[in-house]
Amino acid sequence: MSKKQSGEQTKRSIILTAKKLFVEKGYFNTSMRDIAKEAGVSTGALYHHFESKEEIAGEIYRETVEKIKERLEKALREGEGAREKIKGVIRELLILAEEDRYTMEYALYVKHREILDVPVCSAEPMDLLKKFCREEIDKGRIRAIDPELCAVCITAAPVRLMQLKWDGVIKEPLTSYADSLGECVWRSLSP
């Protein structure tokens, strides 16, 4: 492994460790020393890659927004018609929650406004969904409601399901509910 690859691997380990700690302990209860210890790197190595905890949080935030955005773009690109696109968005969010729980918990639980003054809820993924809703409403394929409310309807149900899973209330895999949940949301939005 080259020195550059090793450095990238260390940086990646720091990011993953910090995300886990921010979710489990909270951003303000996590120190740079905690991150270094948990990642198995020296504090010098940590500061070599990141000047501050805020910089790490910013990197995690950008990755989180990008991951969610990619999943939504995939669902909107591959779905045929509004119904399948909505069901696809819900399915992709549930898959992401199962594959990368810390990313979804970071998006939902970490108080981004206190750290970066940029809430995930007003970031690109929500803008993408609002645009989709606006276009489908204009074409009469989704009932005439505020596009913001439409986007909330699409995301709120899977988020609540994730919380129930993480709290141990439901035991089945999240994706096993994707079709039923998608159909429920579709019925609330269909014209």
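We're numbering straight along the sequence, starting at 1.
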Chemist: Under 4.0 Å between a side-chain nitrogen and a carboxylate oxygen: does that hold for Lys139 and Glu135?
Modeler: no

Chemist: Would a single hydrophobic cluster contain both Met104 and Ile95, if residues Ile, Leu, Val, Met, Phe, Trp and Tyr are joined by side-chain heavy-atom contacts under 4.5 Å?
Modeler: no

Chemist: By salt bridge (Lys or Arg N to Asp or Glu O under 4.0 Å), which residues pair with Asp146, not counting sequence neighbours?
Modeler: none

Chemist: Quick check: does any side chain N or O of Glu98 sit under 3.5 Å from a backbone N or O of Leu174, one acting as donor and the other as acceptor?
Modeler: yes

Chemist: Distance-only, no hydrogens or angles: does the Lys85 side chain make a donor-acceptor pair with backbone N or O of Leu76 under 3.5 Å?
Modeler: yes

Chemist: How many angstroms lie between atom CD of Glu172 and atom CD1 of Ile170, to the nearest 0.5 angstrom?
Modeler: 8.5 Å

Chemist: Is any side-chain N of the basic residue among Arg101 and Glu105 closer than 4.0 Å to the acidic one's carboxylate O?
Modeler: yes

Chemist: Check this for me: does any side-chain nitrogen of one of Arg62 and Glu59 sit under 4.0 Å from a carboxylate oxygen of the other?
Modeler: yes

Chemist: Go through it in stages, so that I can follow the logic: the residues are Arg143 and Ile137, the test is side chain to side chain contact (heavy atoms under 4.5 Å, CB included), and I'd like the CA-CA distance, side-chain angles, deciding distance and then a yes or no.
Modeler: CA-CA 6 Å; Arg143 60 187 258 191; Ile137 290 167; over 6 Å; no

Chemist: Check the pair Leu93 / Arg71 against side chain to side chain contact (heavy atoms under 4.5 Å, CB included), numbers first and verdict last.
Modeler: CA-CA 7 Å; Leu93 289 173; Arg71 294 294 182 133; 5.5 Å; no

Chemist: Same cluster or not: Phe50 versus Leu16, using hydrophobic residues (I, L, V, M, F, W, Y) connected whenever any side-chain heavy atoms lie under 4.5 Å apart?
Modeler: no

Chemist: Find the distance between CG (Asp100) and OG1 (Thr64) and round it off to the nearest 0.5 Å.
Modeler: 8.0 Å

Chemist: Return the CG to CH2 distance between Asp179 and Trp186, rounded to the nearest 0.5 Å.
Modeler: 15.0 Å

Chemist: Compute whether any side-chain donor of one residue and acceptor of the other, for Glu54 and Tyr27, lie under 3.5 angstrom apart.
Modeler: yes

Chemist: Test: disulfide (SG to SG under 2.5 Å). Region: residues 140-191. Which pairs qualify, not counting sequence neighbours?
Modeler: Cys133-Cys150

Chemist: Could you work out, with side-chain contact (heavy atoms from CB on, under 4.5 Å) as the rule, every residue matching Gln163, not counting sequence neighbours?
Modeler: Tyr109, Val159, Arg160

Chemist: Less than 4.0 Å between a side-chain N and a carboxylate O, is that true for Lys25 and Glu38?
Modeler: no

Chemist: Does the pair Arg83/Glu183 count as a salt bridge with the N-to-O cut at 4.0 Å?
Modeler: yes

Chemist: Roughly how far, to the nearest 0.5 Å, is CG of Leu129 from CD1 of Ile86?
Modeler: 9.0 Å

Chemist: Side chains of Thr30 and Lys53 only: does a donor on one sit below 3.5 Å from an acceptor on the other?
Modeler: no

Chemist: Can any side-chain N or O of Lys165 pair as donor or acceptor with the backbone N or O of Lys171 at less than 3.5 Å?
Modeler: yes

Chemist: With the threshold set at 4.0 Å, does a side-chain nitrogen-carboxylate oxygen contact exist between Lys37 and Asp34?
Modeler: no

Chemist: For a 4.5 angstrom cut-off between non-hydrogen side-chain atoms, does Pro158 reach Leu181?
Modeler: yes

Chemist: Sub-3.5 Å donor-acceptor pair from the side chain of Thr17 to the main-chain atoms of Ile14, do we have one?
Modeler: no

Chemist: Nearest heavy-atom pair of Ala18 and Ile35: which atoms, and what distance?
Modeler: CB-CD1, 3.9 Å

Chemist: Can you name the closest pair of heavy atoms from Gly182 and Ile90 and give their distance?
Modeler: CA-CD1, 3.7 Å

Chemist: So does Lys20 pair up with Glu24, basic N to acidic O under 4.0 Å?
Modeler: yes

Chemist: Taking all atoms of both residues into account, what is the closest heavy-atom pair of Pro147 and Lys130, and its distance?
Modeler: CB-O, 3.8 Å

Chemist: Measure the spacing between NZ of Lys74 and CD of Glu78 and express it to the nearest 0.5 Å.
Modeler: 4.0 Å

Chemist: Between atom CD of Glu92 and atom CD of Glu99, what is the distance when rounded to the nearest 0.5 Å?
Modeler: 8.5 Å

Chemist: Output yes when a side-chain donor or acceptor of Ser180 lies under 3.5 Å from a complementary backbone atom of Tyr177, and no otherwise.
Modeler: no

Chemist: Looking only at heavy atoms, what is the nearest atom pair of Glu136 and Ala82, with distance?
Modeler: OE1-CB, 3.5 Å

Chemist: Report the C-alpha separation of Lys19 and Thr103 in whole Å, then their side-chain angles, then the decisive distance to 0.1 Å, and conclude whether the side chain to side chain contact (heavy atoms under 4.5 Å, CB included) test is met.
Modeler: CA-CA 8 Å; Lys19 181 168 36 177; Thr103 290; 2.7 Å; yes

Chemist: Side-chain contact, heavy-atom cut-off 4.5 Å: His48 with Thr10?
Modeler: no

Chemist: When you look at Ile154 and Phe132, which way does the side chain to side chain contact (heavy atoms under 4.5 Å, CB included) test go after all the steps?
Modeler: CA-CA 11 Å; Ile154 296 169; Phe132 160 74; 4.2 Å; yes

Chemist: Quick check: closest heavy atoms across Leu72 and Val89, and the distance to 0.1 Å?
Modeler: CD2-CG1, 3.4 Å

Chemist: Taking Ala57's backbone N and O only, do any of them form a donor-acceptor pair with Tyr106's side chain (distance below 3.5 Å, no angle check)?
Modeler: yes

Chemist: Kindly give the heavy-atom pair with the smallest separation between Glu55 and His49, and that separation in Å.
Modeler: OE2-O, 4.1 Å

Chemist: Flag the pair Trp166 / Leu108 as yes when at least one side-chain heavy-atom distance between them is below 4.5 Å, and no otherwise.
Modeler: yes

Chemist: Can you list the steps and then say if Glu8 with Arg12 is a salt bridge (Lys or Arg N to Asp or Glu O under 4.0 Å)?
Modeler: CA-CA 6 Å; Glu8 285 301 315; Arg12 191 81 214 124; over 6 Å; no

